[in-house]
Amino acid sequence: MINEFTAWCNYYYQFTMLLSEVEEHFINLLNNAPLYCGQTRLSEVDVIIDYQRAAQAELTRLHKMREDVKEAEIAILTIMQHFEIPPGTVLTGEIPGEMAYEVWADEQDRIHISKTEDLVAEEDDANIIVIKLSGF
């Protein structure tokens, strides 16, 4: 069974948290960027160039992540509208073994999601092999 709505909401929550971290990292990169102040050694200028390229790569990553979050937001809104779930209706979900959350749309079609509790991961049975796949 495919849990499409749950998958989109879980993805949205995880990506919005990651996006916040990446935005903070990018701001730190900008705030700590070395400046050219008349350095004459090529190696010193190379450090500045490398840093600027790293900041540009992080900015590109940030833009891509924002697009991915927007895609998830649109998918969630589409499902909510299909089922005529009114704005402000709080839906609950969970990421098994990690956390529970609430998700809702407001009148401006913005998605809001907030963690409500941490969940305890189930203990592994010594007789069961668990294979975790990522990227699916």
Side-chain angles (χ1 to χ4, degrees):
M1 174 168 70
I2 297 174
N3 298 315
E4 182 178 348
F5 194 38
T6 299
W8 276 115
C9 291
N10 289 358
Y11 176 80
Y12 182 79
Y13 180 83
Q14 291 170 329
F15 243 65
T16 55
M17 295 300 103
L18 183 58
L19 180 61
S20 295
E21 292 173 15
V22 172
E23 286 173 338
E24 184 177 327
H25 181 250
F26 180 69
I27 290 169
N28 286 336
L29 280 175
L30 292 180
N31 290 338
N32 296 307
L35 301 174
Y36 177 75
C37 302
Q39 293 92 329
T40 56
R41 294 181 58 96
L42 296 176
S43 60
E44 292 172 338
V45 176
D46 285 339
V47 168
I48 296 169
I49 292 169
D50 290 345
Y51 196 94
Q52 289 179 350
R53 287 198 174 130
Q56 183 61 45
E58 194 69 359
L59 180 60
T60 300
R61 179 178 175 218
L62 187 59
H63 286 311
K64 173 69 172 113
M65 289 181 75
R66 285 181 178 153
E67 290 172 9
D68 292 344
V69 167
K70 188 65 179 170
E71 177 187 358
E73 188 174 63
I74 290 168
I76 292 167
L77 281 170
T78 300
I79 292 168
M80 292 176 108
Q81 290 166 353
H82 175 78
F83 290 105
E84 299 178 359
I85 299 171
T89 301
V90 177
L91 306 171
T92 59
E94 68 179 48
I95 300 173
E98 292 183 38
M99 53 161 284
Y101 60 86
E102 296 177 334
V103 61
W104 67 95
D106 64 19
E107 296 287 339
Q108 290 77 39
D109 287 339
R110 285 188 301 247
I111 296 296
H112 301 272
I113 195 161
S114 65
K115 179 178 175 179
T116 57
E117 69 178 298
D118 289 317
L119 300 176
V120 178
E122 295 179 17
E123 287 191 33
D124 293 333
D125 185 332
N127 296 320
I128 297 176
I129 297 173
V130 178
I131 300 172
K132 294 183 180 182
L133 303 173
S134 63
F136 292 95

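The line from CE of M99 to OG1 of T116 is 6.5 Å long, rounded to the nearest 0.5 Å. Distance check, rounded to the nearest 0.5 Å: CD of E117 to CD of E98 gives 13.0 Å. Between the SG atom in C9 and the CE atom in M80 there is a gap of 7.0 Å [rounded to 0.5 Å]. Separation of atoms OG1 (T89) and CD (E84) is listed at 11.5 Å; rounding is to 0.5 Å. The OH atom of Y12 sits 9.5 Å away from the CG atom of L19 when rounded to the nearest 0.5 Å. Note that the CD atom of E4 and the CD1 atom of I76 stand 10.5 Å from one another [nearest 0.5 Å].
No single ILVMFWY cluster, assembled from side-chain heavy atoms under 4.5 Å apart, contains both L18 and L29. Cluster membership check: L119 does not share its hydrophobic cluster with L91, using side-chain heavy-atom separations under 4.5 Å among Ile, Leu, Val, Met, Phe, Trp and Tyr. In the hydrophobic clustering of this structure, L30 groups with V22; members are Ile, Leu, Val, Met, Phe, Trp, Tyr whose side-chain heavy atoms approach within less than 4.5 Å, directly or through other members. No continuous path of ILVMFWY side-chain contacts below 4.5 Å connects I27 to L62, so the two sit in separate hydrophobic clusters. Transitive grouping of hydrophobic side chains (ILVMFWY, heavy atoms separated by less than 4.5 Å) keeps W104 and I113 in distinct clusters.
The aromatic rings of Y11 and W8 lie perpendicular to each other, with more than 60° between the two planes, well past the 30° mark.
Without hydrogens or angle criteria, Y51 side chain to L35 main chain gives no donor-acceptor distance under 3.5 Å. Remark: side-chain polar atoms of Y36 are paired, donor with acceptor, to backbone N or O of Q39 under 3.5 angstrom.
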Q. Are D109 and Q81 close enough, and set up right, to give a side chain to side chain contact (heavy atoms under 4.5 Å, CB included), and what steps lead you there?
A. CA-CA 10 Å; D109 287 339; Q81 290 166 353; 3.6 Å; yes
**Q.** side chain to side chain contact (heavy atoms under 4.5 Å, CB included) assessment of T92 paired with E102
**A.** CA-CA 4 Å; T92 59; E102 296 177 334; 4.1 Å; yes
Q.
Run the side chain to side chain contact (heavy atoms under 4.5 Å, CB included) test on Q52 and I48 for me, step by step, so that the C-alpha distance in whole Å, both residues' side-chain angles and the decisive distance to 0.1 Å come before the verdict.
A. CA-CA 6 Å; Q52 289 179 350; I48 296 169; 3.9 Å; yes
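With sequence neighbours left out, Y101 forms a side chain to side chain donor-acceptor pair (under 3.5 Å) with N10.
A salt bridge links R66 with E23: the closest approach of a Lys/Arg side-chain nitrogen to an acidic carboxylate oxygen falls below 4.0 angstrom. At a threshold of 4.0 Å, the pair E67-K64 does not count as salt-bridged, since none of the basic side-chain nitrogens sits closer than that to a carboxylate oxygen.
Under the 4.5 Å side-chain criterion, counting only non-hydrogen atoms from C-beta, R61 is not in contact with F26.
Between K115 and Y13, the shortest heavy-atom contact is CB-OH, 3.5 Å.
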